[in-house]
Amino acid sequence: MRISTSFMGSKLQSWSLRITELSQSGKWQQVFSHFRATEHAGIQLTDTSVIPLILKACSNLSYIHGTSAHACLIKRGLESFTSIGNSIMDFYMKCRCLDSAVTLFDSMSSRDSVSWNIIVHGHLNLGALEKGLCWFNEARVSGFEPNNSTLVLVFRSCRRLESYCEGKQVHGYIIRSGFWDIISVQNSLLSTYVDSDMESARRLFDEMCERDVITWSAMIGGFVQSEETSSGLQLFRKMVSNVGIEPDGLTMVSVLKACTNTRDLRMGRVVHGSVICRGLDCDLFVGNSLIDMYSKCEEDTGSAFKIFNEMPQKNNVSWNSMLSGYVLNEKYSEALSLVNSMGMEAIDVDEITLVNMLQISKLIVLPMLCKSVHCVILRRAYEWNELVLNSLVDAYAKCYLVEVAWKLFNGIKRRDVVSWSTMIAGFAHCGMPDEAISVFREMKQAEENPQRVTIINLLLACSVSAELSKSRWAHGIAIRGGLAREVAVGTAIVDMYSKCGDIEASRKAFDQISKKNIVSWSAMVAAYGMNGLANEALALVDEMEVHGLKPNSVTTLSVLSACGHGGLIQEGLSFFESMVQDYGIEPELEHYSCIVDMLSRAGKLNTAMDLIDKMPENVKASASAWGAILSGCRIHHGNRELGWKAARQILELEPLNSSGYLLASTMYGADGSLVEAAKMRLLAKRRAPRLGGAGEEMEEMGFGREKNLLSWPLQHMILVVLADVTNRSLIVWRCAGDSTQQLVVFLRIRLVGVDNMCILVHAVKRQPLELPLEGRISNALVEVGPSITLASLSEILAFVVGSFIPMPACRVFSMFAALAVLLDFLLQVTAFVALIVFDCLRAEDNRIDCFPCIKIPSSRGSYDEGTDQRTSGLLARYMKEVHAPVLGIWGVKMVVIAVFLAISLASIALSTRIETGLEQKVVLPRDSYLQGYFNNVSDFLRVGPPLYFVVKNYNYSLESRDTNKLCSISQCDSNSLLNEISRASLTPESSHIAKPAASWLDDFLVWLSPEAFGCCRKFTNETYCPPDDQPPCCSPDEGSCDLGGVCKDCTTCFHHSDLVNGRPSTVQFREKLPWFLNALPSADCAKGGHGAYSSSLDLIGYESGVIRASEFRTYHTPLNKQGDYVNSMRAAREFSSKISDSLKIQIFPYSVFYIFFEQYLDIWRLAVINIAIALGAIFVVCLIITSSLWASAIILLVLMMTVVDLLGVMAILDIQLNAVSVVNLIMSIGIAVEFCVHITHAFLVSLGDRGQRAKEALGTMGASVFSGITITKLVGVIVLCFAKSEIFVVYYFQMYLALVLIGFLHGLVFLPVVLSMFGPPSKLEITETQRADEPSASSNS
């Protein structure tokens, strides 16, 4: 049937219109589908305008779509059209296939400007800059006309490659070609000149008739980049005022950088106002530039932080800019607080953050912060970052951990000059000049050229050594390097010689500095002052003014110090006055301290004290000023009262500094007060941070009469606290994102320690008030100390046993928890006892809790009347008057024993229902999108995972019977492996095998048999002949092929007579097995092994007659729950073990999930062993501490019942047994000890019969156990109920809640009943009996 031409034309037009509409709507998949539909319908698209739309759709879909479309276009002969070829080439460029695009370009018969633009633009856009420029030059020779975007990319490439000559050539080309008037091209050219030649950029800018904001921004940025900031700011003013072009964010960033470079805060504020007026304050980059500008201009970190807080969005640059500003302005406490905020908001740290934190650690000398940052560096894999590593070495050295810094330095594989310089500076800073010089010599041997900083650090090391010979050697190195005349190096040489005492060499080096700055003059003035040449120092200041420089605060401080050491008192005081009047320098604390030192040396102590009293309010006398007063009192005797005042002030300001104590000791010794001098030296040895401060300690030793509450300096305390918080934030960063796990670990460890403190506090409160404080504390420790020790050791042992669990997370937690409990116990019996003493003293002195400085009046008589009376609490009265008497009733005891035994027996029966595993849905958060996935898998998945039975060392020789032991076809053994698998699949409920196994061996034997005449075939030359329905084995013109490419002269591999009982010989098996594995299955021969069995055999060394490994594949039944996976793996292993023993062949099963569930095969055995070990260890500890086998056995019984009952709760709540629950069970033993050990110990040390002792134990310790243990643990456990992840609710909240309730019931109900009926004898009665026997024995003797 012939279709009319008109119909075809209308149909084609409809298809074209439809494709165009879909392309305009961005429905690329439908565009391609319509194109494929035209192909299948046999409609040829003659409208070439549609082809680019199809290729555009392919570029938005995938590379495969485009190549198939390309193939169709080649078949249609449409590739020869230039427009279509361009579209195909553009597609390959967008798919980043440069080679395919170039090949197509080379094959194009005709090219136009679009073709050249595509090839040039594509290379440049994809980063092949050099090749792209080569294509551009070739295109220019061919006379093509580039488009605007291509020229922009050409100039950008010239900038990136720094090919400025090439840029000038393109500049000439655009002038000749008429592209000069295009502003985008002009801007690109301007940006190229800005990077290389600002003069040419300025001329080009002036020649431009039309300028937009990009033009102005590029020019301003160029001025700032070339350090012509004034020109950049002037151009900005012209842009805003004269031209009227609105600046954008990029312009503002450049202008703010200019303000930062010139430290022009006034202009910066003007720019800031312009930013706000134009609505650019929400721009992230502008905000970051504002932070940087305010941080570096006049130390205005307050404004910087205000901008930082008001930013709607922040990135790492924002945080780092603010952090750098704080560090730059020495706001270390604010910087640490900001780091803590970064941790709280989960901001990822980068190398800049880490470097800033290392700067903080070295500037305020916080080694722990430095180590914490080091941990983050290792965790984040920044140890290969040179900037971070060099900063880490520097921080360790500045924190006086130079050994660690040296170890890190030795681990650096590629050391640069920064690394060497940092290590030299580190040794010099730590007072190890010889090591620093040795590192420098090693650097020279490594042929690393030292730079300016290296030489300065070497000179610093020589100044530390103060050896003139080494200093001259270092000076020679600086001269040979041509650096001695530079201002920084020359200043270091001046300082070095001055510290060596060679002032003439210092002056000579000073005179050789080519361009002296204020630092050089200050160093020379300090050199004169250090060497006692005060007059020369004053003369040098006058010489400095002649050269047009005014002294700064450092210079004036050096002059004042020189006058003080040179004894020029009047000159020093005169210079101090002129410093304010003539130079406009506001005196700082150091200047006042220097004047005080000057006056004290001259014996004018009263004048020095007057100066201290007249200091401004913002300047407070430091320890150095008071030290000068104290030294003056030591030198000039007779003012002991003033010396005492100065010593007291020093020790208040710096309680950890021994120099103040030694100065005071020397003063007392010189005055003849040897007793006071000895006391001061004793204080120097005992210096340590104390709550009351050093001044209070002096009061205790008899110095002075005033009472004063002293403390550490507030700033130091803030820094220490913030450093601790920062360390905690860094710990959170090191744990990769698992914040809920950290909460659980924290709560678990904290719950173990609070209860002992409550028990101890209650014991102290139970002591009579008439006893002295020491007696009350000692009695409390005697009363509860053994039980606290026993409880803590039991918990430690339980955690240690938990570390035997093979799961790494559980093991690590158990180890750290054991260490935490140990440290907690040590702090409880030491530091916490001391705190209780302080609190008792506070209470006795009628001072308010939390505000001990406030003292309230009290009546002495009322206090004396109530010293021996203390009202019992409601809970204690309940235990004594209700709980203990009720449990003492005989009928109640029987009921309690029966109920608890019944619960334990029921729990033993229920524990067999506990399943092993860990459900995946439990691990995920409740709102995770994967919850629905696992629900769907459980509801709809009806296919199990593949199961492989792997046979090792299969002997296929004809003499072996292994073949019949494995196969399942005729003549195979009835109990062969495959027959047994088939029989097991008939009972999938127990075997978990869904179907018979796919057997390569059966298929191979069938493939070989003569009945399968279409399978194993060979040519007459003994080569493999494929089936007839497979691709031809040769060309029809060859002799071995018939018409149609069908192979001829093919025969079956074997006749029946060639086989032995239907089995191939060893040689036949070996030769034909590769044929089988390479044979493709088809209709003529469906038994081909290629694909189905290609990876089922390990053919390495199979020529020997033994196949090392081969597998037979079947499937498990659908597995939905964790128990199904565990049971299926256990069934498969039992089946393989039985078959292996039966057939005497090594067989083992494998499935992809086995590796994850092997731990659950013996989880019960592991749990029982570890629980038994924990119980045994705790029994031994109880036996050692209580010295009572009877009491230890009762405790062991209660612990066993607690664990058994907890297993019953797990069965009721469907909590599975896994490593997490095993750790919880083991830890529950240690925690359960707390519920019974305190009452048992109280029972052992009480008097009377069992019933009375049980009541007394409950009355004494029952309230403490309930409030101090049960309630505190319940509060901590309830927090876990609100966790998002089900695993924490199930394995921590539910299990711990059950543990607390079970432990409470056993400790306060079951245990007192057992003790009242079967308890051990009292230790006190045994001791009294022994004491009574001793006199009778002596009298008998």
Side-chain angles (χ1 to χ4, degrees), residues 459 463 466 468 471-472 475 484 487 490-608 610-611 624-625 627-629 631-632 634-636:
L459 295 170
S463 68
L468 193 58
S471 300
R472 289 172 177 169
H475 189 187
V487 59
T491 303
I493 295 173
V494 170
D495 180 68
M496 174 186 67
Y497 278 125
S498 68
K499 291 179 179 177
C500 294
D502 193 347
I503 192 64
E504 295 180 358
S506 280
R507 180 66 197 213
K508 185 177 181 181
F510 173 76
D511 293 336
Q512 291 176 351
I513 299 175
S514 56
K515 294 182 179 179
K516 304 179 183 67
N517 59 10
I518 189 66
V519 180
S520 309
W521 289 95
S522 300
M524 194 64 230
V525 170
Y528 278 131
M530 189 183 306
N531 288 272
L533 302 174
N535 292 316
E536 286 79 355
L538 290 170
L540 191 64
V541 173
D542 297 334
E543 184 181 349
M544 175 181 174
E545 294 184 28
V546 171
H547 285 81
L549 290 175
K550 288 187 176 182
N552 59 10
S553 61
V554 178
T555 314
T556 55
L557 184 63
S558 300
V559 173
L560 293 175
S561 177
C563 293
H565 287 84
L568 304 180
I569 308 302
Q570 293 301 326
E571 290 82 351
L573 293 175
S574 176
F575 185 81
F576 182 73
E577 293 177 359
S578 64
M579 180 182 77
V580 180
Q581 298 173 0
D582 299 339
Y583 305 131
I585 299 174
E586 189 68 26
E588 298 176 0
L589 176 61
E590 290 79 7
H591 298 94
Y592 284 108
S593 299
C594 203
I595 293 295
V596 170
D597 179 65
M598 181 193 308
L599 295 171
S600 300
R601 288 174 182 270
K604 299 181 178 181
L605 298 177
N606 294 327
T607 307
D610 292 340
L611 180 63
S624 60
I629 296 289
S631 296
R634 178 177 60 87
I635 297 172
H636 307 281

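Throughout, numbering of the chain's residues begins at 1 and tracks the sequence. All of these numbers come straight from a predicted model, not from anything done at the bench.
Here the shortest heavy-atom pairing between Ala492 and Leu459 reads CB-CD1, 3.7 Å. Looking at every heavy atom in both residues, Ile513 comes nearest to Val494 through CD1-CG2, 4.5 Å. Across Pro551 and Val541, no two heavy atoms sit closer than the pair CG-CG1, 4.4 Å. Of all heavy-atom pairs spanning Gly529 and Ala537, the tightest one is N-CB, 4.5 Å.
With values rounded to the nearest 0.5 angstrom, Ser506 atom OG is found 7.0 Å from Asn531 atom CG. The CE atom of Met524 sits 11.0 Å away from atom OG of Ser558, with the distance rounded to the nearest 0.5 Å. Met530 contributes atom CE, which lies 6.0 Å from atom CG of Asp495 (distance to the nearest 0.5 angstrom).
Within the structure, every pair that satisfies the ring-ring contact (aromatic ring centres under 6.0 Å, His included) test and touches residues 520-541, not counting sequence neighbours, is listed here: Phe510-Trp521, Trp521-His547. Every pair passing salt bridge (Lys or Arg N to Asp or Glu O under 4.0 Å) that includes a residue from residues 535-547 is listed here, sequence neighbours excluded: Arg507-Glu543.
Residues satisfying the side-chain hydrogen bond (donor to acceptor under 3.5 Å, both in side chains) test with Lys516, not counting sequence neighbours, are none. Taking the side-chain hydrogen bond (donor to acceptor under 3.5 Å, both in side chains) definition, one finds that Ser498 meets it with nothing, sequence neighbours left out. Ser520 meets the side-chain hydrogen bond (donor to acceptor under 3.5 Å, both in side chains) test with Thr491, Asn517; sequence neighbours excluded. Tyr497 meets the ring-ring contact (aromatic ring centres under 6.0 Å, His included) test with His475; sequence neighbours excluded.
Using a 4.5 Å heavy-atom cutoff, the side chains of Met544 and Thr555 are in contact.
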